[in-house]
Structure formats: C-alpha cells, structure tokens
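Below is one structure, written out as structure tokens; the observations come after it.
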Amino acid sequence: MSTGGNLVVPMVLWGDNCPTHCISAVLMTPDQRTIITGCNDGQLGIWDVTENWQIFPRSLLFGHTTAITCLPWHSKSETPFSLGSSKSETPYVVSASENGEMCLWDISDGRCVECSKLTVTHTNMQSYYFKNSKDLRLVCNGYYPEILIIDPLTFDTLYTLCSKVLPDWISACCVLRPVKREEDVLLAITNSGAVKIWMLTGYENRAQPVFEEESKQIRCLNAETLTCCTFNQRTVLIVCSKYWQIYDAGDFTLLCSESNRCGERWSGGDFISVDKVLVWSSDGKGYLYKLPTNADSESQEYHKHSYQPSSPHAYYILDIYSDNSPACSPAMTFNKGKGDKASPPLLIRGDSEGQVTMWTLPTVSERQMTLVRQESFDRLPALPPKCSKSLKDVWKSLYETPPGIIDGFHDHKDKPLKITATIYVPSQGKVACGRSNGSIVIAVATQSIILQLLEDKTLEHKDVPLKVLDGHDGTVTTLLYPFNENTRYEPQHLLSGGSDFSVILWDMFVGTRLHTFTVHGGEITQLLVPPMNCNQRILTSICSVGSDHTVALLSLKERKCIMLAGRHLFPVQTIKWRPLDDFMVVSCSDGTVYVWQMETGHLDRVVHGITAEDILSNCDENAMPMDGLVNPNITLSQALKRRNLATFKNLAQQKLQTPGSIIQNQRPDQVVKPQNYAMYIQGVRTNVRDPDAHIIYFDTEALIVQLLTDEYAMMSPGELEAKGFILPSYEIPGSEFSDAQAKILGMLTKIKDKADSLGQKIQSKAEGAGFSPVHSDVQASPVKGRKKEKRVVVTDVNNLTLEIARLFMSSLHAWGLDPDLDKLCMNKLGLIKPKVPLSFGLISRNGHMCLMLPAWHRRLLQEVKSSDSEVKLPQATSDKPTLLSQIETTSGMYSDSDQEGEGSPGSKSKIKRSTAEALQEELRAFSTKSRWQISSGVTTQHLLSVISTANTLMSMTNSAFINRRLKSSRPRHRSSKSFAAPQPPHLVEGGDSSEGGSEDETDGQMLHQAQIKQGWSLLAALHCVLLPEMVGSENIKSPQLEMLARRWQDRCLEIREAAQALLLAELRRIGPAGRKAIVDEWSPYLPTYVDPNLSLMNAETQKGGEEDDEDDNMDPMVSDSPLHRGSSYSFESRRKQATAIVMLGVIGAEFGHEIEPNRRKVEVTKKSKKEQEGFTLSNYSLSRHTSKALTFLLQQPPSRKLPAHTPIRRAAIDLIGRGFTVWEPYLDVSAVLLGLLELCVDSDRLVPSMTFGLPLSPAADACRTARHALSLIATARPPAFIITMAKEVARFNAMLQTTQSQHSQIQNSVLIRAKVEILRIIELLVEKMPNDVADHLVEAMDVTIHCLDVPQLKSKGLQELFPAICRFSMVSMCPISKRIWVGAKNGGLAFYDLKQHSKCQVITAHSGHIVATAIAADGKHLATYSHTDNKLKFWQTASSSLFGIGSQQTKLLKQFATQPLPITNLTNLLKLVRLVWIDNRMLILLTLDGSEYKYSI
C-alpha cells in the first residue's frame, strides 16, 4: 500500500531558453518509434518518431548526476524488453552513468522502476536472452577487467566472466548463438588486443567466476566496438579509432583493414549485409563500404590471400553538411530494422546541440557501385538525413515561447533576464529569483504563475506585489531562506551569494540590505544551514562555500565571519557535520577529507583514501538533511537530490504537521516548521550555463489537509460539536492522535472556549492563525500602489491555500469537454482557463522525474490527421469539428523538411490564420485529447488529484475562488442552466448568515453555496465517470489499476475515496472481458500460489514486505534511501502480492457471486449480473484463496515486519467488509468479527468522526476502517452477525461460570472491551433492518443485555439505556420485577430475570411468531399475541410465595381466540398490532387498520 507516498503533481515552466542536451549516448527501440538519448549532464531524452519519419521530443528524464555512458539495446525481440510485467508491450530501458549509477526506466511514462549505484563504471551494455534462461540479462563491460552479467530488474550481478590469460579492461564485446551449438558464445577484446571467448550454458554459478575458453593476441589496441556478422556468424568487425578491421570469426585472421581519414577518428560500425559495412566517425559522418571478396564470406575468394592487397571500397557518405563543428563527438547508433520500406535500416546520430538526425540507408545496385568505384573519395555521393530535430527547433516552432516564472517583471529591453538562482518561501507564498544582472525579484508565487499560464482577465502584472533587491555587482549565484530549513532563524532573513564574491543578508519583508559579508575569493557556489545540535554560536550562523575552495561560517547574529576554512586544494564537493565533536567535515573533488573544528577554526586533520570514506560515512547524517554539497543550479538532478532529501523525505513522514502559524499564542520563532507544503517551487537547470527552469510541485494531500484545517478553524463551536470534531464528554488524549489532529483539536477546543459568536471566532482566527506573515509582509512593505493589491488578493483568511487550490484545479481540470461545465467553473467556481499547453511531469522512485517538453503533443495531432481520412473521429462535444479543422489548417507548422526540420516555404504560405487563433486551436486539441495521452501514470495522478480536491472543496463552506469584489458586482440571479435543484439548506450551514443581512440575502447566500457545491460535484463526476466517454477511449491512457489499488487505503480520506471510486468505475468500464484479463494477470501473485519463501503468508517471513509498501515507489517522494541491495526481488514480489490481494479482493467483492442476495443491495442483485470467473459458485478457487489472504492479514499478530496498523491490513479489513457475502463460505465468521471488534475497542476515543477529513494516526485509521467494515458485514448479513455474536456471548458466559478462568482474562475479553461498538451495530441494524432483527430478537437481546450494565439496567430501565430495541412491540420490561420479556419468531417466550444474573429462560407460548407483548402496570400479568394462531394469551408473572422467596414461574392464566387479521407479503408484521393495558385487569388490542378489541382477565 502506498500511504507513505504523497500524491505529488509536478508542472514545469521551461522559460525562454531551451535546456542544454549534449548527447553522449543514443538508442533507438527495435520498433523504430522511439529514440532515447543520454546526455553529458545526466538527463535522458525521449523522442517520438512518427510513421512518416518526423521526430518529436517528448520528455526529459532526471535521475542521474553525471554523464550517461551507455543505453543497452535489445537484440532478440520485436519490442524493447519487458521486465516484471505480463504486458509485453511495456518498454524498458536501462541507463548507466559515469559514477556507477544505473536506472531502469519505463519509457512509456518516464517512470524509474529501479535504481542502484554500483562501484564500477560501465562503458558498454547489451541486453541478451541467454539459452536456458527465461529472463533477459545485461552483458556489461567497462573500467574493470571482467564482464558482468547483470539482472536488469534488480541490478544484481548474477555471475562474472574473468580472464586467466592477460587480464585487462574489456574494450568491446558481443554475444552470439551459433546455429549448431547448445551454448551461447561471448566474444570480447581487451584494451591490449587480446581476443577472448567464453562459452555460456545458462547454468553458471554465481559464487564462482567463469574463465575464458580461448584467448588470442591480435594487433588491435583500444577497440571501440566489436560486432559479429549476424547474417552468417563467420566474420567479425572491430573498429578502433585509427582503423577498422574484418577478421575471420573462426581463427581470427585479418581479412581486410581500412585507416581513418585525416582529422577524423572511427567511433563505431556494424554489418549491413554479408559484404557491406557501415562505419561512423567522431565527426558524426557515416561511411558505407563494400568489402573485398576475400572478406566476403559468401564469395569463393573468401579467406584467400591474393598478391594484390585488397581493401574495402567506400561508396556512400551520410553527412549533414553543417557549418558548425560539434563541441564534442556525436553519439551514433545503427538500427537494422526489418529491411522493408516500413522499417528500413537507419543510422541515428545525437550531437552536442541536442539535435537528433536520422538517415535511411540506401540500396545501391552493382551497376551504381561500379560507377562509384571510378570516382575519387572526395567525390563520393552523399546522402542527406531523412529527418532531423533539435530542442532549439522545438522552441522556435512554438507560437509563443514557454513562459518563465517572472516574465514581464522588470524585464530588460522587453526580454526576460536570465534567472540564475531561485528560492521558494512557503510560509509567505513568495518566490525569490536571482538574475544575471545582480537583482533579486520577490513576487507572490501563485499570482505570478497564474499570469504566465492562465487566462485571468482580472489580473495584470502591475497588480502583483513585487520587491526588487539590488545589491550584487554580478550574477546572483545562490539564494538561501534559512527559516525554510529551521525555525530558529528569523523569518525575514534572506541570504544571497553572487559572482562578486559577496554574501548579502536581506530583510525580505522591508526590502533592505542588512549586511554584506565579503570573505571569499571566488563566486559563492552554495549556502547551507548547520544542523540543530551544534553549539549556540554556530546555530545562528550559515555556511557558505566559494569557488576559491573556501568554506565560511557567517554569523547572522554577530554579522561577521566566525570561521574561514581555506586550505583546500581542490573544489569542495561535500560538507558533513559531527556536531557533538564540534567538527565540520569537508570533502574535496580529489577524495581528500579535511576535518575542521568549528569553534576554533583549527584544521584538525587531512585524510585520504579509505579512511576519508569511513569518516564521511560515520558523520551524523541525521543532523544534516543533505548528502552532498552541490550547487543546486549545476544540474537539475542534483537540485532534485537536495529538494529530495530536505523536503520529499519530510513529506513522506507519517506524522503530518499543520502549518506552524496556526498554533496560537506562540512567537513565530518558537513554532515548529511545517513538514509539507501544498505547493513547492524548485529552480533547476540542466547545465551550468543555462538559466533556471522552474518546477512547481503540488502536493494533493498537503493541500487537502490545509483546506480542511482552514475549514475546521472557521466553524462555529456548535457546528464542531454537531460534526463530532469536539467531543465534550471525553477527554481528548493527545497520544492517540496524529500531530495534525492534536494541534487542530487543541485549537478548536480553544476556539470553542473563547468564541461567543461567529464574528468573534473569525476575528480570533484572523489574528492568531492562517497566514498572518502574508499580511504583515503586505502591510510592512513601503512599495507604493499597495491599495491595488486588495483588488486582486482575496480577503479570506485562508487566502494562500485557496489561491494554490485555484491554480491547481485550473491547471488540471479537463477543459473543453463540456462547455456548460466550463462556464460554470469560470463563473461560479472561479477557475481560470490555461492560455498555453501545460508541461506536466511524473515523479517516481527516489525523486527521479519525467518532465514533458513543449509541443510534444504535436505528434498526436499528426497521427489524428493521418487517420482522419480513414476513420471519422467521434464528436464528443460541439467543439470537435474545430479540432479537425485545426489539424488540417495548421499541420504545415508541424511538418519537418527532410533536411533540417524547419518546414518548407510552401507549407508556411498555407497558414492564413493569426498566431493567436492557431494557439487557441492547439490549446483546445491539447486539453481535450493530447493531455490525456501522456501516460497512464500521469492520468491516474491527475484524476486522483482533481477528484479528491473537488470532493474536499465540495465539503467546505467557503470554497469558491471568486473575489468578494467580483461576487458583489455580479447579478445574483445569474445561474447556470446545468444546475440541478438547489441543495437543502443543511448543505450550506455555516454560511455568512450571522453578518446581520436580511433573510433574502441569507437565502441567496445559501443558494449560492448550494450551487458551488453542485458545481464541484459535477466536476468530480466528469473526471471520475464521464471522461473516457467524452475524450474517446482511443484518446486516453486509462488510469493504472495497480496504482489505484495501492491507494485503496491511502491515509488521506479524500484521496482514498477518490482512488476507490476511480478503480471501481474503471473496472465497470472495461467489462467482464477486461476484468477477466486483470484477474488472469494478478491471480498468480496471490500469496498461496507463489514460492513459499517469498510468500506474504509465510509464517517465518511474516509478510516482510508490507511495511516496504509504505516506502514503495508508488509515489515519488516516499523514500530517498534506496532499498538495500539483495532485497529488491523479494520486495518486488511481496509488493505484487499485496497489490494482487487488493485487486482480486476488489473484483471479488464487487463482481463475485454472492452465496445469497446481499440485504444491503437488493436492487442491484435483482438485475442480471454476470459473475466474475474464479469467484463463482462452480469455480470458487479465487474466492477461497483471496479470503484466506484477507483473513490472514486481519488476524496475524503484529510483528516487526508487519506492524499492527499498516495500510495493507486496512485494505484487507475494508475488503472483508465490502465482499463479506462473497467470502462468507470460506471464513471463520466468529474470528473475523472478534478481530474487527478488537480494532474498534477505543473507537469513540480514537475517531472524532467517521467523516473527519484530516489524516488520523494509524491506530485511529484502522479503527475507522474496522467500524465501517463491521457496519457493512452487519447490514449485508444481519442473521450471521446476530447469531455469531450470540454464540460468542454464550461461550463467554459459560467461561464465566467456570472457576478456572482467570479474572484478567475475562476482563480483557474483546466482548467486554468492545461493548460500545457492539451496541452501536445492533442499534444500526434496528434502524436499517428491523425485520431481520425481529427474526432473531432473542439472540439480539442476549447480546444487548451482555453489553449493558445490569445494575444500571435495573435502576434506569431498558427504555432509557437502549431505546432502540424497545421499538419492537414484542419486547417488554417490568420495572417492578426487573424482568425483560421477548417474543420469538418460533412462538417461544424468552424472559430475563435481572435479579438472577440475567440468564435467559424460554417457554413455549404460541405456535408461531409472537408479534406483541405487554406487561401490566403492576407487573403481575403479561399479555402475548401471535397472528399465526390468532390467539391472545394472559400470563401470571408475579411470585406466588411469601415475600417473593422461592422460584418464580410464568403461568398461563387465560387465552382468547382473536379475529384473523388480513396478512399479505407487504404487511409490516412489526406494526401489525399493539397491546395497551388500560388498567391492571383490562387490555386493548390495536390493529393496523385502526380496529380496537378489549379483553380482560
């Protein structure tokens, strides 16, 4: 389960400049539809290739911190290899970088599936299916003397190929499978020119190295590539930088050789056919050669040495003829294709400018070859590229360049200045950007982003409050807001470092410079904060690093440098701390570690080698939230790592904290720092020369928590008590709540005590809570024109959270699908349409991230255009024709020319519309179709976020984003046609009705609130249910069921409900066939089917992976520490088992065959419903196995590996409740009910309300889930619940009678501790299903009397203690004799004598159902009536002996035959008759039709 991972949606503002992408490795998938490029800065690029050979860059993947060295290609299958998935179309690619990092990527959505860091560097990797191995393996060589065979799923080294003779680094290798041999042959060449051959059977031992079979020295040093001819496996091509050679594969004799051209070096090559090779050079050119006859294995001259030396003959050059020489050698690769027109052989090149170029290899006849032979080399025919595209081309082709975060604010000559440093201040909602001219611009982040991305007519640049800090003489290189890191710092302090060697301390509230530190002799590369447990003097300081290799501690309190460490010979790479020893540990790029004393500035020691590594690894890492000291602006991935460790890890903490400012009566510097933010902005760059791009992270859970926090704080005390958020009769124990709840409830209790009226409450909230720093900043600012801000900034207290929510929902809403809903969103809800296509992203394991590039969606428009002539697209809305016309009219903009991809002049002349119109059309196509085709993962995150946030806003009172100014100016009678009838007034309680307006005004506000709630409801319904139909199923990547299943019990209630609704809607949509495919895919992962050593239900392993599910990659920022090596496979196995339990549990619960109709869902079961295979009565194997797994999770005692309240346990509890009617035949019902009751023991204390939206502690959450499951079980099967509980009560009472039972054991019984919960369920059953309770009333009474306190029952009576059960006319209690009588369905009369241990005695009274009983006022006579035998009987109940001593018996005194009553199937037997005693001797029988009959004794 995935509660550890918050739901985070990234969105990127790329800015005016395209990112640098200096390509170091390139790969094309075998289907020729995707190109993957790796660059020197560590990013990967994904490029889509269309059928008409146009290239569209799709996304950049971030995760590596150094240059990519190799991307393995796949040689055996038609598709890129599929790992760990039954869907063979899932494409995976492995990337390796210079520092040993390896990542496994799912290139369909850019998700990092696995990552690891090895100690060796790979320079070449190939993927290969070895014989006798069902899984794919990676063959790796590099800067080490072995060849490693690696499992690409886990990156474990399976076995090693070593050399006995002349061991050396392997420079190139290849694997082949000879036709007549049983084993695979691995051919490799070392740097020194030794060719080695290994024979691999597939059964190699991991513990023992495999040595070579043969070795031969040849004259070939430092080979670049080694390729065996795949056509007949008789020749080998070896390419070195100065020559390439053809060898005989049998004995490795040299057949021919070709030297390099002047000024060029060979860098790789491959066979095109038996007698033709393609070789490419370091200049990015490809050369086609015809081999001489003695090197042509199909020629008669093969291997015969003639007297004339024969050399290969060049016959074609592939070149782009560019004037610019590349900054570094291009990366090139050859893709064989299938050899036909649709999949020709291709040469792909990626260069330092981020440009990808493709050539289609020509077919040349023998006659043309003869003509070419007569020409000189310089006059060879040249082939221009088939297509070419660079990131710069994309930026040029856009109608508007991608916006930057502060474009339009103090621009230079109408062009935005380069942003060189960025910091976000969450407590203020401000973003500070340092620029290349030395200025720092501080703006309100949400408003600035709205200006760039959304079409807000009411907001202009001049309306956004702005501060510009001028102080640096050169570029601002780094920014630090210490209060973000720790609240011991002043909230107004902002620090900046520049290329002018200075560090400046600013007061960001006022906009003034407080102090300038000039202690470094180079530009400032980094500013950071020392850990908490340093001494007092260091605690008020910050640490700065200069490019002159110096490190300084600058005291903000004393305004001086208190330590300067400046003897480092190499650039500073990492800083760590040993606060208890007063040491600062500085690691340099050469591996040297310097240990400094902070207090004295003394250099304690300088160490190298292994000692240095030990010192670094033994530093107290918990004291410093950052592993490596790197400028966050050097590379995007390094910045992500910093953001990762400092903030992502906090987001993943189980204990949520509310914004510190909400705690009243505390100074700001004493407040605990909030650990998660609804929005966070990170300035990042791919290369040190680039300006910052900006990623905006929206944390859905944090946003929901903040919205609910503000909502609860705005409630009146009466509303709080009514909703159960304040428990007046209980003392709230802080230990049982999460931090968030404890703070919220403590605050709410304070509000309850203080507030006398709504007005006072709002006033106190405004003074002590919410976002006072925002307001103080606004008021303290000396900038003129401040009044204008009031026109823009909403005056609500929870302004900042609502602004973030507005930006978030405006960005994610599916615009353009329902015009009426769009109008409603804009007019009533205050959402704003985007004005440019947005670039979204996806965060995956360990903070690795995929970001979409601008214009990636134009590929989809091309495909729609090409298919439009064949298939008419379904028109989901009235806007669809414009989409098609847009594709026709603007397609010229998207066509690449065959040369440079710039578009031909003819195509440009066809465009007749303005840029603005074309942009609108592209935007409409993006929002209605393209954005839902990014990937399944992105679709899932977006839908979950939209639905959960919309449901949260729907539950709130003040949830519209429209300004009060706008509200008041808009006519009240305007409303949308799409509204349903207004909701009843109780939906909008807590409106501003107390402001003293007239009743009409109050009604208007209530109507307005109801309309807003209706709007949010419609928006949620569109995204949850209607979206696939409106977009068209071919235009949407469906939500990932696996992802939704893991969020089935997310800790955030709103996200949990959204995931459940989405999963069920998707399962219904795919129909029985789709569900069968899901069942077939996941059923092998059920714990009872898998290897016992890996099974979740193995008693020894005790479900070891479940808590890992918390740290699972499901979402992004779950854990920054990768899983320890070796556990990956079992972790993955256990994670899949957990997912399978949930997936099959959901399908079984919702679509399985019920053993008898569910009482709760009668109307559903009446419809003909096709049961899911495996969950039917004839084939029940999956039902049995799934129910077994679910009950195991419920009943397994807590252990270290499976704590008591993990999310997978909660999911099991929930699914047992939902599908109880399916699982019942295979369950021990008693054990299940007692297990659930055990969790509900402290329910009233733990759970403030079943609808309490803030995340609860794990124990409280499990309690809430168990309560819900018990309610579902009881209402689905009332007889099963009542009878089972009655049996358990009888067993408990029998145990009471035995003297051997321990008193403590009895008192600790769950039947004693869960009495309140049992009564709650019986009360629920009486209310919802009285007929079922009446059928088993005696058993229900047994349970009720067990749960009630007998002394209180004697003194107060049943009516007062438990009025619910007294609703039945067949229950009577005599207050005098302290007896309770119950009429049973079988005609028995049960009575309980409370004076004698309340034991039940039963006598036979009637021949059928007793429908009424009544006791006389003096308690001496009892009347009973049954409609089956139509008799009314009078019984004597009083004692016959003196003083009531002796046995008391119930004797029949008299009976009367009564008129038969008309009974039909619709008659309610519970209301059939009533018996009323007029006096002690006279009784009236009242019937349903109003008749009265008198009887007397």
Side-chain angles (χ1 to χ4, degrees), residues 24-25 38 40 42 64-73 94-104 114-128 130 136-175 184-200 204-218 220-227 238-241 267-268 589-591 608-610 612-613 1122 1125-1126 1128:
S24 59
N40 281 315
H64 289 284
T65 52
T66 52
I68 306 296
T69 55
C70 49
L71 298 163
W73 49 272
V94 175
S95 58
S97 61
E98 284 179 350
N99 62 351
E101 294 169 341
M102 292 180 70
C103 293
L104 174 67
E114 180 64 86
C115 60
S116 175
K117 186 167 182 179
L118 307 185
T119 54
V120 294
T121 301
H122 306 295
T123 55
N124 181 41
M125 302 167 82
Q126 299 172 37
S127 51
Y128 191 79
F130 285 102
L136 188 96
R137 301 290 178 237
L138 293 180
V139 181
C140 311
N141 65 279
Y143 300 153
Y144 46 91
E146 302 94 15
I147 293 177
L148 303 180
I149 310 299
I150 289 179
D151 182 347
L153 256 183
T154 62
F155 298 133
D156 291 334
T157 301
L158 301 178
Y159 51 95
T160 306
L161 309 184
C162 299
S163 301
K164 278 183 180 174
V165 183
L166 300 172
D168 194 0
W169 287 4
I170 306 293
S171 54
C173 68
C174 76
V175 194
D184 295 294
V185 175
L186 196 145
L187 194 61
I189 184 168
T190 64
N191 286 359
S192 54
V195 176
K196 297 177 181 291
I197 294 176
W198 286 266
M199 302 292 186
L200 303 175
E204 281 73 22
N205 188 349
R206 176 183 296 219
Q208 297 176 341
V210 181
F211 292 104
E212 76 269 40
E213 297 283 331
E214 297 179 50
S215 179
K216 179 182 178 181
Q217 185 73 33
I218 60 172
C220 182
L221 300 178
N222 298 318
E224 301 282 344
T225 62
L226 180 149
T227 313
I238 298 179
V239 180
C240 302
S241 58
S267 57
S589 59
D590 65 334
H608 310 266
I610 294 180
E613 292 177 12
R1125 303 288 350 123
S1128 256

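Shown here are the side chain to side chain contact (heavy atoms under 4.5 Å, CB included) partners of Ser267, two or more places apart in sequence or in another chain: Trp280. By the side-chain hydrogen bond (donor to acceptor under 3.5 Å, both in side chains) test, Asn99 is found to be paired with Thr65, Thr66, Ser97, Glu101, residues two or more places apart in sequence or in another chain being considered. With sequence neighbours excluded, no residue forms a salt bridge (Lys or Arg N to Asp or Glu O under 4.0 Å) with Glu224. Leu226 is linked by a side chain to side chain contact (heavy atoms under 4.5 Å, CB included) to Ala172, Cys174, Leu187, Ile189, Val236, Ile238, counting only residues two or more places apart in sequence or in another chain. Every residue meeting the side chain to side chain contact (heavy atoms under 4.5 Å, CB included) condition with Pro209, not counting sequence neighbours, appears here in chain and number order: Cys162, Phe211. Listed by chain and residue number, His64, Trp105 satisfy the side-chain hydrogen bond (donor to acceptor under 3.5 Å, both in side chains) test with Ser95 (two or more places apart in sequence, or in another chain). Taking Glu212 as the reference, Lys196 meet the side-chain hydrogen bond (donor to acceptor under 3.5 Å, both in side chains) condition, with sequence neighbours excluded. With sequence neighbours excluded, the residues satisfying side-chain hydrogen bond (donor to acceptor under 3.5 Å, both in side chains) with Tyr144 are His122. Gln217 pairs by the side chain to side chain contact (heavy atoms under 4.5 Å, CB included) definition with Leu166, Ala194, not counting sequence neighbours.
Taking all atoms of both residues into account, the shortest heavy-atom contact from Phe155 to Ser116 is CD1-CB, 3.7 Å. Taking both residues in full, the closest heavy atoms of Ala188 and Ile170 are given as CB-CG2, 3.9 Å, listed atom of the first, atom of the second, then distance. The two residues Leu71 and Gly38 have their closest heavy-atom pair at CD1-N, 3.8 Å. Between Gly591 and Ala612, the closest heavy-atom pair is O-CB, 3.7 Å. Across every non-hydrogen atom of Gly100 and Thr121, the tightest pair is N-OG1, 4.4 Å.
The side-chain heavy atoms of Leu136 and Phe130, taken from C-beta on, include no pair separated by under 4.5 Å. Counting only heavy atoms from C-beta outward, the side chains of Val94 and Met102 approach each other to under 4.5 Å. Between Leu186 and Cys173 the shortest side-chain heavy-atom distance falls below 4.5 Å. You'll find the side chain of Pro152 stays beyond 4.5 Å of the side chain of Ser127, heavy atoms only. At a threshold of 4.5 Å between non-hydrogen side-chain atoms, the residues Ser163 and Trp198 count as touching. Contact check for Trp169 versus Thr123: no side-chain heavy atoms found under the 4.5 Å cut-off.
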Exercise for the section: Report the C-alpha separation of Glu146 and Val120 in whole Å, then their side-chain angles, then the decisive distance to 0.1 Å, and conclude whether the side-chain contact (heavy atoms from CB on, under 4.5 Å) test is met. Expected result: CA-CA 11 Å; Glu146 302 94 15; Val120 294; over 6 Å; no
Exercise for the section: I would like to know whether Asp151 and Arg137 meet side-chain contact (heavy atoms from CB on, under 4.5 Å); could you show each step before the answer? Expected result: CA-CA 5 Å; Asp151 182 347; Arg137 301 290 178 237; 3.8 Å; yes
Problem - Step-by-step side-chain contact (heavy atoms from CB on, under 4.5 Å) determination, Ile149 to Thr160 - result: CA-CA 6 Å; Ile149 310 299; Thr160 306; over 6 Å; no
Handout entry: Evaluation steps, side-chain contact (heavy atoms from CB on, under 4.5 Å), between Ile147 and Val210
Key = CA-CA 10 Å; Ile147 293 177; Val210 181; over 6 Å; no
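Thr157 places no side-chain N or O within donor-acceptor distance of the main-chain N or O of Ile150, the cut-off being under 3.5 Å.
Side-chain contact annotation: Ser192 with Thr190, donor-acceptor N/O pair under 3.5 Å present.
The structure places OG of Ser24 at 4.5 Å from CG of Asn40, a figure rounded to the nearest 0.5 Å. In this structure, OG1 in Thr69 is found 7.0 Å from CD in Glu98, a value given to the nearest 0.5 Å. The distance from the CD1 atom of Ile610 to the NE2 atom of His608 is 13.5 Å, given to the nearest 0.5 Å. Taken to the nearest 0.5 Å, the CG atom of Leu104 stands 7.5 Å off from the CD atom of Glu114.
For residues 164-174, no pair satisfies salt bridge (charged side-chain N to carboxylate O under 4.0 Å, His left out), with sequence neighbours left out.
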